[in-house]
Structures are given as C-alpha cells and as structure tokens.
Amino acid sequence: MSLTRSILTFCTCILLFSNCEDTQSKKNKQKTIDSHSGSDTTVVEDNHKKEIVSDPVLQKKEAEEEPFKLTNKNLREFMTNYGNENPETLVRIKTTYGNIDIQLYTETPIHRANFIYLVKQKYFDETFFYRVAKGFVIQGGNSDRQQMAVRRFQIGEYTIPQEPVKGLTHTRGAVALSKQWVDNPSNRSTPFEFFIVIAKKGAYHLDGEHTIFGKVVKGMAVADKISNVPVDGSEWPKENIFIKAEVIK
C-alpha cells in the first residue's frame, strides 16, 4: 500500500470515529434529560448554559407547606368556617385580681370567632391589661415583650370589618375591640386588643366607632379593681397585670 493511500485511510477512520462519538454523545444527553423529566427540578447543561425546569407539583407542595397566616383576603372565609366549627360563646379572663367572664354575641360572628380563635391559640396568655383609663375603660391584649411582635406576625396581619348590631351600646360591662384611628374610615377593628367599659354611666360617645361583641357577665368587681391600680403618665399600669384566657363553653 502506498504512503498516500495509507494516510487517506487513516484520516477516513478518524473522521468516522468522531462522527460516531458525537452521535453517541447526543444520544446520552437526550437520555439524561428524559431520565430526569419526572424529577422535581431538572438542570440541563448545554454549552455552559443552564435551563431550570420547575415542577408545578413541587411548587404547589411548597406553597401548601408555608405556615398559615390570616389576612384581610382570607379572614371572612376562615372565620366563617372556624366559627361554625367552634360555636363557644363564654370566655374567662384570669388575672391576679380574679376572673372576668365574658359572654360573646352570636350577632357578631366574625368578632366572636376571632376572639375564640385567639384564646385557643393561647395568644392572650402572653398579654397584659396594658391600659387603665380610670373611670372609663380597661384595655387588654398587648404587652411590651419582644415575643408579642413575633406572635402577631405568626398569626397574621389583618383587621376585622365592623359588625354593628342595633341596640348594642357601650354600656358598663360592654366588651369591644379597639381600632386604628388613622386611615380607617370604615372603623375596622384591630383583632388583638379588647376593652371593657368601666364607666358607670357608660361610654356612649363610642357608639358607632367600635364593634361591641360581648359583655361581662361575671367579675365586674374584678374589672373595677383593675381600673384602680396605679398607672404612669401613659395609662400603663406600674405593675404588669398578666392575663390568661380560656374558653368555658
């Protein structure tokens, strides 16, 4: 065989081998993509570029695993269902001064369900009666502890639409939720902080401003004791008045 023919034969073999290797490489790459098509996320390498293929089933699963939080969007549906499943209407507020029993109104279903929900979540067990306006109201459901901000974040950021009931007024012993006074034209309630009217003549100037969702049926003498504790210039008791809350029935 001549030298020229030998060189041509060698080049031809090299070319055929390269084509076969390239074809096999493409087949292997295709198999790699196909074999991972059922995985959560597939990464495809091609010319140093990466393509991320997300699995919608995984995305839905991750969304479902996120902690539930209340918002203004899901509040009504959640509290309606929760209220149907938790129909209790009597709550006991325990303090070092004694117990205060509050009867909740079924005529204010979202407010009632919200209060029951927070009691069962043990939210109030981290709070105080933090405001004492002598001869007017005592207000509970907050504290100056760092864990209080964390607890509220865990529950959610939301307010409650007004649920006015004809004939309900801020008489002595009435229980209502507080509200934000700024940028709140519809008088939505803050979900966490409640107050009890102490004034013997009532606080009727608050009618229409707050939703009354309950009344004290036992323990007004305890509420009166709390209303007479020493306070600072911001009406915060000088000694913390801790709260424990439980559902009675």
Side-chain angles (χ1 to χ4, degrees), residues 88-119 123-125 127-143 159-181 184 186-249:
E88 298 93 340
T89 58
L90 187 62
V91 171
R92 176 164 293 161
I93 305 295
K94 298 179 178 181
T95 75
T96 54
Y97 291 87
N99 299 336
I100 301 172
D101 290 354
I102 299 174
Q103 183 73 49
L104 307 180
Y105 296 131
T106 57
E107 294 90 342
T108 55
I110 299 179
H111 283 71
R112 183 199 67 80
N114 175 76
F115 204 71
I116 293 293
Y117 177 72
L118 293 180
V119 171
Y123 165 79
F124 291 113
D125 293 359
T127 67
F128 316 144
F129 273 110
Y130 68 92
R131 181 192 174 205
V132 170
K134 293 184 180 297
F136 178 38
V137 300
I138 58 173
Q139 192 162 330
N142 202 349
S143 80
T159 55
I160 305 174
Q162 255 202 341
E163 295 181 293
V165 178
K166 187 177 181 180
L168 287 183
T169 58
H170 286 78
T171 59
R172 173 174 161 82
V175 182
L177 288 184
S178 62
K179 69 166 191 173
Q180 293 178 341
W181 289 94
N184 188 12
S186 57
N187 292 324
R188 293 176 68 94
S189 304
T190 59
F192 303 111
E193 300 167 31
F194 67 95
F195 65 86
I196 300 171
V197 177
I198 299 298
K200 293 182 178 180
K201 294 183 178 180
Y204 302 111
H205 63 286
L206 298 178
D207 291 350
E209 297 286 345
H210 301 268
T211 293
I212 301 167
F213 68 97
K215 65 178 180 180
V216 174
V217 293
K218 185 178 180 180
M220 273 306 295
V222 174
D224 286 334
K225 287 180 182 179
I226 294 173
S227 71
N228 287 311
V229 301
V231 297
D232 62 18
S234 61
E235 299 182 332
W236 192 288
K238 292 185 177 180
E239 293 186 8
N240 290 331
I241 304 173
F242 294 92
I243 290 175
K244 294 284 186 181
E246 64 179 12
V247 174
I248 304 301
K249 63 178 181 179

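Heads up: numbering here begins at 1 and tracks the sequence.
- Relative orientation of the Phe128 and Phe242 rings is perpendicular, given thresholds of 30° and 60° on the angle between their planes.
- Here Asn184 contributes atom CG and Arg188 contributes atom CZ; the two are 8.0 Å apart, rounded to the nearest 0.5 Å.
- In this structure, the side chain of Glu163 engages the main chain of Ile110 through a donor-acceptor pair within 3.5 Å.
- Taking NZ of Lys134 as the reference point, atom CD1 of Ile226 lies at 11.5 Å (rounded to 0.5 Å).
- Taking each heavy atom of Val165 and Thr108 in turn, the nearest pair found is CG2-CG2, 3.6 Å.
- In terms of the ring pair (Phe, Tyr, Trp, His ring centres under 6.0 Å) criterion, residue partners of Phe129 (sequence neighbours excluded) are, by chain and number, Phe194.
- Taking every heavy atom of both residues into account, Val229 and Pro237 meet most closely at CG2-CB, 4.1 Å.
- Separating the OG atom in Ser143 from the CZ atom in Phe192 is a distance of 12.0 Å, to the nearest 0.5 Å.
- Screening Thr95, Thr96, Ile93, Asp101 for a side-chain contact (heavy atoms from CB on, under 4.5 Å) involving Val222 leaves a single residue, Thr95.
- A salt bridge between Asp224 and Arg172 is present, with a side-chain N of the basic residue lying under 4.0 Å from a carboxylate O of the acidic one.
- Using a 4.5 Å heavy-atom threshold, the side chains of Lys225 and Tyr97 count as touching.
- The two residues Val217 and Leu90 make their nearest non-hydrogen contact at CG2-CD1, 4.1 Å.
- Ring pair Phe115/Phe124: centre-to-centre distance below 6.0 Å.
- Pairing each heavy atom of Tyr123 with each of Thr127, the nearest pair is O-CG2, 3.7 Å.
- Side-chain atoms of Arg112 and Thr89, non-hydrogen and from C-beta on, do get closer than 4.5 Å to each other.
- Within the 4.5 Å cutoff, side-chain heavy atoms of Lys94 are placed close to those of Arg92.
- Between Gly141 and Ile243 the shortest heavy-atom distance is N-CD1, 4.2 Å.
- Residues Ile212 and Ala176 share a closest heavy-atom pair of CA-CB, 4.0 Å.
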Next item on the list: Evaluate side-chain hydrogen bond (donor to acceptor under 3.5 Å, both in side chains) for Ser178 paired with Thr190, printing each intermediate quantity in order.
Entry: CA-CA 6 Å; Ser178 62; Thr190 59; 2.7 Å; yes

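- We find the NE2-OG1 distance between His205 and Thr169 to be 12.5 Å, quoted to the nearest 0.5 Å.
- How far CZ of Phe195 is from CG of Leu206: 5.5 Å, rounded to the nearest 0.5 Å.
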Margin query: Does Tyr105 form a ring-ring contact (aromatic ring centres under 6.0 Å, His included) with His111? I'd like the steps, not just the answer.
Written below: CA-CA 9 Å; Tyr105 296 131; His111 283 71; over 10 Å; no

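- A cation-pi contact, defined as under 6.0 Å to the ring centre and within 45° of the axis, links Lys179 to Trp181.
- Taking 4.5 Å as the limit, every side-chain heavy atom of Glu107 sits out of range of all side-chain heavy atoms of Phe213.
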Next item on the list: With side-chain hydrogen bond (donor to acceptor under 3.5 Å, both in side chains) as the test, would you mind laying out the steps for Gln162 and Ser189 before giving the verdict?
Entry: CA-CA 7 Å; Gln162 255 202 341; Ser189 304; over 6 Å; no

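- You'll find the side chain of Ile102 reaches within 4.5 Å of the side chain of Val175, heavy atoms only.
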Next item on the list: Show your working on salt bridge (charged side-chain N to carboxylate O under 4.0 Å, His left out) between Glu235 and Arg131 and close with a plain yes or no.
Entry: CA-CA 5 Å; Glu235 299 182 332; Arg131 181 192 174 205; 2.8 Å; yes

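- Using a 4.5 Å cut-off on side-chain heavy atoms (C-beta onward), Val91 and Ile116 make contact.
- To the nearest 0.5 Å, atom CG of residue Asn114 and atom OG1 of residue Thr159 are 10.5 Å apart.
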